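See below for the structure under consideration.
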Amino acid sequence: MFTPCLSFCLCALVVECIHAQVESVEGPPQATSWLSNGRLEGHLALGYSPDGAFSPDGSRLAVASADKIVLVNLANIRPEKVLKPRLPEITDLQIQSANYISATRLFILAKGLLQVKGQKGLPPRSPQLAFQWYIEQDQLYGKVNAVGVSGGFSPARYFPEIAHIGLYKNSNFDFWNPNSGRGGRVTIPDLTHQPNLYAISPDGHWMLLAQIETSGSPDPVVVRLSEHRFVDKLAGHQATVLCIEFSRDGQRVLTACEDGKVRIYSVGEWKLLQTLSGHQGPVHWAEFSRDSKWIASAGEDRTIRIWSAEDGRLLQTLSESQSPLRTLAFSPNDEYIAASAEDSVLIWKRTSGGR
């Protein structure tokens, strides 16, 4: 019998090792470039970071396609294995994202239909389901958890960089680590309306909040987590912020905005360092490469743009997509970029040299 359950420890959250504006112009040809390496049916995570779709060694990509997960070998862009998760008393499973939580297991977020004994008419939709899946055995690992089953929570967001799920309700952020089963709560008393976008710095010192309901400003606000209070904001946005991503070293943070720009801020001082202009329409996602050398951004204009993270120059525009692009990720070794539209995934490979 499927029993929804999700436990949070009400302890302090411990995150595991959790100046002038520049308008960008097209730069000269670079030794490093990105070449189209294939297109796949399906999608990556669409509402949060898809970084977890890459295997830890960067050799495979997990692509969700309805009720299946296709593991793609990036060396030849061919399916290496197709997983078909099946859960007790759940039908019509729709997988939202598949994330490598280890080399042998995936962490999956999904929804489906509940099969209730004696139920007449259409079966009810399940809450959001979170579970781990053995890759080799193609079977469930552990139990299935129902996320936010008590109601009133914002949609769950998965943070691959710290391997936690986050939920918000009534000034509280609850975080849960599916590997350890442990979690924590962060309360921000001054936050009285729901933020629909938030991000945590790699060192766990800062939280950035955006899309706060009823707020008159699009600028993200800065929370110092040790004090649980607002301390600053990321000024300068002309429209809704759609994505916030920290660099891996925690020194800078990116915002992708509906006004068509990507902005880079310093962490701690929260000064605007650069504004990257070039997209024709909203920018849905932006992310630093793992080594913080490049920035990639994905837009409504169906392009990926590669920028120098050092000086903000536009290095390359990737135009192979036929649909607006929602999210993207660099592979762990920065050899690949994978970007997701609603129903397709595109992959580019970095050419040798120029690192």
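Numbering starts at 1 and runs along the sequence shown. Computed from a prediction, not measured in an experiment: that's the story for all the values here.
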Assess the side chains of Tyr48 and Ser97: does a donor N or O sit below 3.5 Å from an acceptor N or O? yes
Could you tell me whether the side chain of Ser266 and the main chain of Lys271 form a donor-acceptor pair under 3.5 Å? yes
Under 3.5 Å, is there a donor on one side chain and an acceptor on the other for His279 and Ser297? yes
Polar side chain donor-acceptor pair, Asn145 to Trp176, under 3.5 angstrom: no
salt_bridge(Lys261, Asp259) N-O dist < 4.0 Å: no
How about CD on Gln137, more than 12 heavy atoms from neighbouring residues, nucleotides or ligands closer than 6.0 Å, or not? yes
Using a cut-off of 6.0 Å, state whether more than 12 heavy atoms not belonging to Asn170 lie near its atom CG. no
Under 6.0 Å between the ring centres of Phe107 and Tyr158? yes
Is there a side-chain contact between Leu191 and Ile212, using heavy atoms and a 4.5 Å cut-off? yes
Close side-chain approach of Leu197 to Leu242, heavy-atom, < 4.5 Å: no
Only counting residues at least two apart or in another chain, list the ones meeting side-chain contact (heavy atoms from CB on, under 4.5 Å) with Gln280. Asp301
Is the number of heavy atoms from other residues, nucleotides or ligands under 6.0 Å of Lys233 NZ greater than 12? no
Treating Lys169 as the side-chain partner and Gly151 as the backbone partner, does any N or O pair qualify as donor plus acceptor under 3.5 Å? yes
Under the criterion salt bridge (charged side-chain N to carboxylate O under 4.0 Å, His left out), I'd like the reasoning laid out for Asp311 against Arg313: C-alpha separation, chi angles, the key distance, then a yes or no. CA-CA 6 Å; Asp311 57 20; Arg313 284 176 299 129; 2.7 Å; yes
Going by atom type alone, with no hydrogens or angles, which donor-acceptor pairs under 3.5 Å involve a side-chain atom of residues 76-83 and a protein atom two or more places apart or on another chain?
from  : atom 1 : to    : atom 2 : distance (Å)
Asn76 : OD1    : Arg78 : N      : 3.0
Glu80 : OE1    : Arg60 : NE     : 2.2
Glu80 : OE1    : Arg60 : NH2    : 3.1
Glu80 : OE2    : Arg60 : NH2    : 3.4
Glu80 : OE2    : Asn73 : ND2    : 3.1

Considering all heavy atoms, the nearest Pro324-Ala341 contact: O-CB, 3.4 Å
Just to verify, what does Trp34 make a ring-ring contact (aromatic ring centres under 6.0 Å, His included) with, not counting sequence neighbours? Trp294, Phe330
Please check if the number of heavy atoms outside Glu41 that lie under 6.0 Å from its CD is greater than 12. no
Test side-chain contact (heavy atoms from CB on, under 4.5 Å) applied to Glu213 - qualifying residues, sequence neighbours left out: His193, Gln194, Asn196
Check whether Tyr134 and Leu71 end up in the same hydrophobic cluster, where Ile, Leu, Val, Met, Phe, Trp and Tyr are linked by side-chain heavy atoms less than 4.5 Å apart. no
Answer yes or no: is there a donor N or O on one side and an acceptor on the other, between the side chain of Thr303 and the main chain of Arg305, under 3.5 Å? no
With a 4.5 Å heavy-atom cut-off, do Ile306 and Thr317 have their side chains touching? no
In this structure, is the centre-to-centre distance between the rings of Tyr265 and His237 below 6.0 Å? yes
Taking side chain as C-beta onward, heavy atoms only, is Leu225 less than 4.5 Å from Val186? yes
Which residues pass the side-chain contact (heavy atoms from CB on, under 4.5 Å) test with Ser65, sequence neighbours left out? none
Distance-only side-chain donor-acceptor flag, Glu320 / Trp348, under 3.5 Å: yes
Do Ile135 and Leu61 land in one hydrophobic cluster if side-chain heavy atoms of ILVMFWY residues count as linked below 4.5 Å? no
Is there side-chain contact between Leu234 and Thr255, with at least one heavy-atom pair below 4.5 Å? yes
Indicate whether any N or O donor in one side chain lies under 3.5 Å from an N or O acceptor in the other, for His43 and Glu342. no
Got a donor-acceptor contact below 3.5 angstrom from the Arg248 side chain to the Phe288 backbone? no
Tyr198 six-ring face occupied by Arg157 cation (under 6.0 Å, within 45°): yes
Any donor-acceptor pair under 3.5 Å linking the side chain of Ser126 with the backbone of Gly112? yes
Taking salt bridge (Lys or Arg N to Asp or Glu O under 4.0 Å) as the test, write out the residues that go with Asp67, two or more places apart. Arg86
Within the side chain of Thr351, is there an N or O that forms a donor-acceptor pair under 3.5 Å with the backbone of Ser33? yes
Where the side chain of Asp334 meets the backbone of Arg290, is there a donor-acceptor pair that is under 3.5 Å apart? yes
